[in-house]
Amino acid sequence: MSNKIKLDNFPAETSVEEFLKSDEPSNPIALLYPINIRETDHKYEFEIAAPGFKKSDFNIISEGGLLTITATSEHEKTKEADNFTRNEYIRSSINRSFSLPEDILVGHISAEYHDGILTIDLKKTNRFLIGKKHVKVE
């Protein structure tokens, strides 16, 4: 199996890294939440290290040739002692978008979140389908 994919809007075969063309590698969010992209004969698999979130924090949408992953988590921590009070507000967020190749079955995108790892499976097809899908994180 080759790790090359053919995108009609590019002149030659290109590697899986083409997914990242719209996601700047110097983006601080990209550095905080690294991603692995794996291609098999039947699907692409994204694995994003995103500890500290809940499944319900994630919003994943595939639309217009882009896969957009967002998540927001807010926590408040208060510690009181005799002569002081310490409040900490922690807000974490992810907002990443990836260009998708045309061989994705939009209706067959799934996601799971376990032990701080978000896994997104994008099933391949032999034909181009246009559509929008909100992906539920299991």
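In this text, all values refer to a predicted model and were calculated from it rather than measured experimentally.
Applying the ring pair (Phe, Tyr, Trp, His ring centres under 6.0 Å) test to Tyr113 and every residue at least two apart in sequence or in another chain returns Phe58.
The two residues Gly52 and Ser73 come nearest to each other via the heavy atoms O-OG, 3.6 Å.
The CD1 atom of Ile94 lies 7.5 Å from the CG atom of Leu118; values are rounded to the nearest 0.5 Å. Distance OG1/Thr70 to CG/Asn59: 4.0 Å, rounded to 0.5 Å. To the nearest 0.5 angstrom, Glu47 atom CD is 6.5 Å from Ile117 atom CD1. Distance CD/Glu74 to OG/Ser92: 9.5 Å, rounded to 0.5 Å. To the nearest 0.5 angstrom, Lys43 atom NZ is 11.0 Å from Lys124 atom NZ. Of the inter-residue distances, the one linking Ile109 atom CD1 with Ile104 atom CD1 reads 6.5 Å to the nearest 0.5 angstrom.
Ile35 places a side-chain heavy atom less than 4.5 Å from the side chain of Arg96. Using a 4.5 Å cut-off on side-chain heavy atoms (C-beta onward), Ile120 and Ile60 make contact. Contact of the Tyr33 side chain with the Ser93 side chain is not registered, since no non-hydrogen atoms from C-beta on lie closer than 4.5 Å. In this structure the side chain of Ile48 reaches within 4.5 angstrom of the side chain of Ile69, judged on heavy atoms. The closest side-chain heavy-atom distance from Phe53 to Thr72 is not below 4.5 Å. Put simply, the side chain of Leu105 does not reach to within 4.5 Å of the side chain of Leu122, judged on heavy atoms. Counting heavy atoms from C-beta on, the side chains of Glu45 and Ile37 never come closer than 4.5 Å. Residues His114 and Glu112 have side chains in contact (heavy-atom distance under 4.5 Å, counting atoms from C-beta outward).
Between the side chains of Thr68 and Ser97, at least one donor N or O sits under 3.5 Å from an acceptor N or O.
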Test His108 against Ser110 for side chain to side chain donor-acceptor pair (under 3.5 Å), laying out the working first.
CA-CA 6 Å; His108 291 85; Ser110 61; over 6 Å; no

Does Tyr44 form a side-chain contact (heavy atoms from CB on, under 4.5 Å) with Asp103? I'd like the steps, not just the answer.
CA-CA 10 Å; Tyr44 298 99; Asp103 64 346; 3.2 Å; yes

